[in-house]
Amino acid sequence: MVQVLTDLDLVISKSYISSDGGWFMEVFHVTDQLGSKLTDESLILYIQQALCENRRRGVSKELQTCLHREVRPPYASTDHTAMEITGTDRPGLLSEISAVLSKLECHVTAAVVWTHNNRVASIIYMEDGFQGGPITDPKRIAHVQEQLENVVEAHHGVGERRSVRLTAPAPGQKTHTGRRLHQLMYANMDHEPCQGCNGGGLAHRNNCTQIHVSIESCKEKGYSVVNVRSRDRPKLLFDTLCALTDMQYVVFHAAVSSKGTMADQEYFIRQQDGCTLDTESERHKLTQCLIAAIERRASHGVKLDICTHNRMGLLSNVTRSFRENGLSISRAEIGTDGDRAVGSFLVTDASGYEANPQAIKEVKKEIGGSVVVVNKSPGRTASVGSISRTSSGSIDEDKPRFSLGSLFWSQLERLSSNFSSIRS
């Protein structure tokens, strides 16, 4: 359900989730990107059709036409060859990969790249540069994969994780790009260096803009209670739920709210076998993975929005321009629409700090088309300390900690203890 709302670029400002005895209730307060109430009847009907029980039959073509677009994850492709790459991040890696694809006559139709904690995950969709359409010849797929593996392995140390995988499109198989990137990053162990803020006390927590995660035991209900406080941003709820799902946790109840620039999330969870998080190592790993999921999409750098003529080797030309001007890509999303290529790149200098304005000017000149500098960030995100936790033995200052779950616990008291998981 959250995925449907996210793919429509809607903003979830508040949410309540509860399940019991095979039934569930999910409430979402949503607006458009400008914070306005949804008034488009075709959009509302689309949401109803997408979320109702008969969604297996899909949303009608007539309704898709009314929306004036096909709703799918940004830059995803269902009819092209897909390539997934994970490994150690380094300046110029995407440039080298795209140069090899161009040399092998593979036309990139869409690409999404995430970097986090010196790790990289990318999904690139491509078609045959000779004949168009997906690359289906097994020998050619194997050859392209071998060449790309050589690029990825070139600067890897012994024992470092890396992978390159090419797959031809399969009938009826759909991959959600953002969902898959979270899985790739999780498998790439980008969460291992993550730590939450170590500041204690309610006053500090309410005023701190870093990520706070606390995990407590609710023994009388048989849950582990996870509280997350962080900066609010688009797709925050989706990213958090991806982390919980990837780690095989089941959400029974949740409450999410945002105020100003900050967001509070509270989840009542169990493992799939019904157990709670009883060990320190389990709580520590979940904390790291939640922080990583929040940080991945919050990459830093100067954002460049690009709209130019779609042509063979475009991604290679763009990324080579970045590399030759001393810029490193921290995140990228690009797709094609007919004869146009549209996307965005977040770039820093080779050390991960703010890009040189003169280098940005040179890139704009070399790429051509429309290149707009959207925003600038102050550079590398500050490092944070150890995980902040509260327990039943906390000092009085911590005990009044606001709990979103308290908003609906009085109603839950009336329900059966035979809770079941949410089937969304």
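These numbers come from a predicted model, not from an experiment.
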Close side-chain approach of [X] to [Y], heavy-atom, < 4.5 Å:
X      : Y      : value
Ile306 : Ile367 : yes
Ile360 : Leu327 : yes
Ser36  : Thr31  : no
Asn310 : His107 : yes
Asp349 : Asn356 : no
Phe322 : Leu304 : yes
Val225 : Tyr267 : no
Ile85  : Leu184 : no

### Message
Evaluate Glu295 against Ile211 for side chain to side chain contact (heavy atoms under 4.5 Å, CB included), listing each step before the verdict.
### Response
CA-CA 9 Å; Glu295 290 179 344; Ile211 301 173; 3.8 Å; yes

### Query
Could you walk me through whether Glu266 and Asn227 pass the side-chain hydrogen bond (donor to acceptor under 3.5 Å, both in side chains) check?
CA-CA 5 Å; Glu266 185 167 61; Asn227 279 276; 3.1 Å; yes

Nearest heavy atoms of [X] and [Y], plus distance in Å:
X      : Y      : value
Lys364 : Val373 : CD-CG2, 4.3 Å
Gln288 : Cys194 : CG-O, 3.4 Å
Arg229 : Cys208 : NE-O, 4.5 Å
His116 : Asp190 : ND1-OD2, 2.6 Å
Thr348 : Gly352 : OG1-CA, 3.5 Å
Pro234 : Arg297 : O-CD, 4.5 Å

### Task
Report the relative orientation of the aromatic rings in Tyr223 and Phe268; use parallel for angles under 30°, tilted for 30 to 60°, perpendicular for over 60°.
perpendicular

Indicate yes or no: does [X] engage [Y] in a salt bridge with an N to O separation below 4.0 Å.
X      : Y      : result
Lys235 : Asp7   : no
Glu96  : Arg90  : yes
Asp239 : Arg233 : yes

Could you tell me whether a side-chain N or O of [X] sits under 3.5 Å from a main-chain N or O of [Y], the two making a donor and an acceptor?
X      : Y      : answer
Ser102 : Ser316 : no
Thr336 : Thr109 : yes
Asp339 : His309 : no
Arg283 : Leu277 : yes
Gln265 : Ala255 : no

#### Entry: Test of ring centre spacing under 6.0 Å for His191 and Tyr186
yes

Can you see whether [X] engages [Y] through a side-chain donor-acceptor pair at a distance of less than 3.5 angstrom?
X      : Y      : answer
His182 : Arg296 : yes
Ser42  : Asp40  : yes
Ser13  : Ser258 : no
Ser344 : Glu333 : no

Between [atom1] of [X] and [atom2] of [Y], what distance do you get to the nearest 0.5 Å?
X      : Y      : atom1 : atom2 : answer
Ile291 : Ser230 : CD1   : OG    : 10.0 Å
Thr88  : Asn117 : OG1   : CG    : 12.0 Å
Gln183 : Arg180 : CD    : CZ    : 5.0 Å
Cys289 : Met185 : SG    : CE    : 13.0 Å
Met83  : Thr81  : CE    : OG1   : 10.5 Å
Thr86  : Arg162 : OG1   : CZ    : 10.0 Å

### Message
Using side chain to side chain contact (heavy atoms under 4.5 Å, CB included), reason through Leu5 and Phe28 one step at a time and then give a plain yes or no.
### Response
CA-CA 9 Å; Leu5 299 174; Phe28 298 97; 3.8 Å; yes

### Task
With sequence neighbours left out, write down each residue that passes ring pair (Phe, Tyr, Trp, His ring centres under 6.0 Å) with Phe238, or none if nothing qualifies.
His176

### Query
After noting the C-alpha distance and the side-chain angles of Thr115 and Ser330, does the key distance pass the side-chain hydrogen bond (donor to acceptor under 3.5 Å, both in side chains) rule?
CA-CA 6 Å; Thr115 64; Ser330 62; 4.9 Å; no

### Message
Among residues at least two apart in sequence or on other chains, which ones pass salt bridge (charged side-chain N to carboxylate O under 4.0 Å, His left out) with Arg323?
### Response
none

### Task
Report the C-alpha separation of Ile44 and Thr39 in whole Å, then their side-chain angles, then the decisive distance to 0.1 Å, and conclude whether the side chain to side chain contact (heavy atoms under 4.5 Å, CB included) test is met.
CA-CA 8 Å; Ile44 295 172; Thr39 57; over 6 Å; no

#### Entry: Steps toward side-chain hydrogen bond (donor to acceptor under 3.5 Å, both in side chains) verdict (His253, Ser18)
CA-CA 4 Å; His253 309 285; Ser18 181; 2.9 Å; yes

### Task
Find out whether the Lys NZ or Arg CZ of Arg270 is both under 6.0 angstrom from the six-membered ring centre of Phe252 and within 45° of the ring's axis.
yes

### Task
Give a yes or no on whether Arg311 atom CZ has more than 12 heavy-atom contacts from other residues, nucleotides or ligands under 6.0 Å away.
yes

### Message
Quick test of your reading: applying salt bridge (Lys or Arg N to Asp or Glu O under 4.0 Å), list the pairs with at least one residue in residues 103-132, sequence neighbours left out, ordered by first then second residue.
### Response
Asp128-Arg140

### Task
Before giving the answer on side chain to side chain contact (heavy atoms under 4.5 Å, CB included), spell out for Asp32 and Val11 the whole-Å C-alpha distance, their side-chain angles and the decisive distance to 0.1 Å.
CA-CA 6 Å; Asp32 62 17; Val11 177; over 6 Å; no

